Amino acid sequence: MKNEQGSTLITVLLISLVFITIGLTIASMTITSTKQAEIRRIDVSTAAQSTDEMDRVIADFTDSVTKLSLADMSKGDYETKLQAITSGLETKYTTTGSTQTVLTITDITQAKLGISNPQDYYTRYYNFQLQYVNNENSAQPTLTNTSKRTMLLSPTPSFLQYAVGSEHTLNLNGASDITGNVYGNTVTLANAARYANQLITTNQTTPYFTLHETLYPSIKGSVVVDNEMDVYNNTTKQDGLPSTVINKQSLQATPANTAANYFYEKSTPPMLQKSMGTFTTVDFPKTVADKLNMLGIGLQIKKTDIPLTTGTDAENQQKRSAIVQKILATNSPSLCVVDNSKNPNDLFSSQALQGKKVVLLTNTAQTNGTNTYTIANNLTLAQNQWLVVDGNLDLSSSQSPLTIQGNILVLGNITIHGDPVSFSHTQDTMAFATTIYATGKATITSTNIVGSNNKMLVLLTQDDLLITRINELTNATNQVPTMDGYFYTDHNAEMYGVGSLFHIHGGIFAKNELTINAIRQNSFGSITSTDTVVNLPFDSRSDQIGQASRFVVNYDKSVLVNNVDALPFATTLNVISDDAGTQTKGNGS
């Protein structure tokens, strides 16, 4: 009996011990979980506060640098002011206390741009690093969060920040596919596209047709609207009236499900927003005059000396001739004159060009700006060398693939073309690492445009821009060469991704009006054509769903940093985030 009582007592004690152990374990786990939850709360709070603080840093930096006017500022003064701004921010955002912050701003321009003397440029790259230390609770571990941003300062016009856009009217007719931000004072969207089925020649009035069976565009980015957005249903701006009109005040209040109706249903609708800042525009004649004066041969060209699209042929010929005579009159040792009337078969001798800053292509027998010069061989200019063309320039890749490297200023029209003998011919190719200015019109036809030496073609023209017959009738599911370039017109441009197939890697912008027509169709079945007319069989709207767009634009930000001296110069700075921001965490004791 006594033994049984002793066993019962031991059993009770063991059970009690087990429950006490379990209870202590649960209590310990609860305390640990509570502590971990608190640490996690502080960790999340630290990360959020670090991000918020970095946002304040960037806002402060942006406000300070955009107040700088570069109009009459030397590069030495610019350097001094930037150093004052960055060091002032480092002092302001480096603090002590229960929460500590350490801001470090590093100039990484040399590494990013690959240049030896960053102080010679207005373009700047900065790495912002903000270390945020939270020690508000001494009973908890010290938590550290580091936020990083890479920021680009660019003294370039605003248009270079957009994949597609227009300062006046942007018409997106049909199913273009755009990756990047879009800008327009007025933006029109249509589920119809226009196209021409005849070759465009100088003396031909081309009939345009409206194709009603298309889809709306797809845009992966933001749509920035300064005035209003008009939506057309089964028609275009040229053919009918909008079915929906949204002014800029109500853009951000537009419900997401409503906005989705305006875009390709297989894509996420873009963010619709009104313009929040000032758009920095291009003064084209002044830009050309500035580029001529910066050639280093002693020119003093005024904005009023530049040929204008509004001028008569006689007036513009007189202006071109006057500019050429001023260049010749410098007698500069840095000038190389290539006289087309004397040695037309060998225009560019590398030995003759060596050490020259300016290469003038002219015809001394007729310097009235009416000449057209053809370059059908590779052309390589030095990094700081410019080719100035007295008249029109024809770059032809019809004989063999062509490589053009260097900067070109054309006092007339620019034509870039392959062999346009027939529809569906093998596409010719031209490789560019250059910036081209043309005071007249620009035409690109029947050739692929590819980049060279990690650079691309930047083409800026004062008059209309026409790009046509690119990869015509090519299957969109094939591997299509990208068109590596950024294209700007100070006037109008209209593109047709219907029979043609565009894969622009860069961007396109018009100061006046830009119209893009496109369909979604991988390939065409039975095609009837002659050398001048082609009849395309189009898929129905329902059949186009899921097929590839025939006009694709992917924005490339490298246009802002390549050939920084050759790009248009703005007197105000654009501040651009080069990434979305990164964070690293570390726990201290």
Side-chain angles (χ1 to χ4, degrees), residues 55 58-70 151-172 176 178-190 216-232 237 242 244-256 258-259 262-263 268-284 486-493 506-516 553 555 557 559-560 567-578 580:
D55 287 342
I58 298 303
D60 206 343
F61 174 73
T62 301
D63 182 63
S64 298
V65 297
T66 52
K67 288 179 180 177
L68 297 177
S69 174
L70 308 181
M151 304 301 297
L152 168 65
L153 283 185
S154 179
T156 51
S158 298
F159 78 85
L160 287 166
Q161 299 179 43
Y162 295 95
V164 170
S166 169
E167 283 189 51
H168 187 262
T169 303
L170 172 64
N171 304 310
L172 298 178
S176 52
I178 300 167
T179 299
N181 295 333
V182 170
Y183 179 90
N185 182 54
T186 297
V187 176
T188 76
L189 307 174
Y216 281 111
S218 169
I219 299 175
K220 303 174 187 68
S222 296
V223 179
V224 181
V225 181
D226 242 356
N227 183 30
E228 69 179 32
M229 186 172 76
D230 301 335
V231 182
Y232 291 80
K237 174 189 168 186
T244 305
V245 177
I246 305 171
N247 62 39
K248 67 177 181 180
Q249 284 75 22
S250 59
L251 276 173
Q252 290 172 307
T254 303
T258 302
Y262 309 145
F263 300 95
T268 302
M271 179 184 294
L272 305 179
Q273 63 185 71
K274 59 183 179 181
S275 178
M276 303 303 292
T278 302
F279 190 95
T280 305
T281 190
V282 178
D283 186 333
F284 199 95
Y486 201 104
F487 307 95
Y488 171 87
T489 169
D490 218 45
H491 207 236
N492 301 317
I508 182 168
F509 203 97
K511 189 167 190 175
N512 192 14
E513 186 165 16
L514 171 62
T515 301
I516 295 175
V553 181
Y555 177 64
K557 192 182 295 182
V559 68
L560 291 163
L567 293 175
F569 179 77
T571 57
T572 55
L573 290 163
N574 283 310
V575 185
I576 304 156
S577 177
D578 201 40

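The structure displayed is predicted, hence computed values, not measured ones.
Using a distance-only test at 3.5 Å, with no hydrogens or angles considered, no donor-acceptor pair links the side chain of Asp55 to the main chain of Ile58. Formation of a donor-acceptor pair under 3.5 Å by the Thr66 side chain with backbone atoms of Thr62 is found in this model. Checked by atom type and distance alone, the side chain of Lys511 pairs as donor or acceptor with a backbone atom of Val282 at under 3.5 Å.
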message: Is there a side-chain contact (heavy atoms from CB on, under 4.5 Å) between Val553 and Thr179? Walk through the geometry before answering.
response: CA-CA 6 Å; Val553 181; Thr179 299; over 6 Å; no
task: Please lay out, stage by stage, how Thr515 and Lys237 fare under the test side-chain contact (heavy atoms from CB on, under 4.5 Å).
output: CA-CA 10 Å; Thr515 301; Lys237 174 189 168 186; over 6 Å; no
- prompt: Between Leu160 and Tyr488, does a side-chain contact (heavy atoms from CB on, under 4.5 Å) hold up when you go through it step by step?
  reply: CA-CA 9 Å; Leu160 287 166; Tyr488 171 87; over 6 Å; no
task: Would you please test Met151 and Ser577 for side-chain contact (heavy atoms from CB on, under 4.5 Å) and show each step?
output: CA-CA 5 Å; Met151 304 301 297; Ser577 177; 4.0 Å; yes
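Listed here is the closest heavy atom pair of Pro270 and Val223: CG-CG2, 3.7 Å. In terms of heavy-atom proximity, Ile219 sits nearest to Gly180 at CG2-O, 4.0 Å. For the pair Ala190 and Pro217, the tightest heavy-atom approach, listed with the atom from each and the gap, is O-CD, 4.2 Å. Across Ala570 and Thr280, no two heavy atoms sit closer than the pair CB-CG2, 3.6 Å. Contact record, Glu513 with Asn171: OE2-ND2, 2.7 Å, taken as the closest heavy-atom pair. Of all the heavy atoms in Tyr486 and Phe159, the pair that sits closest is OH-O, 2.7 Å.
Classified by interplanar angle (parallel below 30°, tilted 30° to 60°, perpendicular above 60°), the ring pair Phe279/Phe509 is parallel.
Counting only heavy atoms from C-beta outward, the side chains of Leu514 and Phe487 never approach each other to under 4.5 Å. Considering only heavy atoms from C-beta on, Val224 stays 4.5 Å or farther from Asp226 through its side chain.
Once rounded to the nearest 0.5 Å, the distance linking CD of Gln161 with CG of Asn574 reads 4.0 Å. With values rounded to the nearest 0.5 angstrom, Thr188 atom OG1 is found 7.0 Å from Leu170 atom CG. Residue Thr186 holds its OG1 atom at 10.5 Å from NZ of Lys248, rounded to the nearest 0.5 Å. Taken from CG in Leu152 to CG in Leu573, the straight-line distance is 10.0 Å, to the nearest 0.5 Å. The line from CG of Asn512 to CD of Glu167 is 9.5 Å long, rounded to the nearest 0.5 Å. Atoms CG and CD, from Asn181 and Gln273 in turn, are 7.0 Å apart once rounded to the nearest 0.5 Å.
Contacts of Tyr232 classified as ring pair (Phe, Tyr, Trp, His ring centres under 6.0 Å), with partners at least two apart in sequence or in another chain: none.
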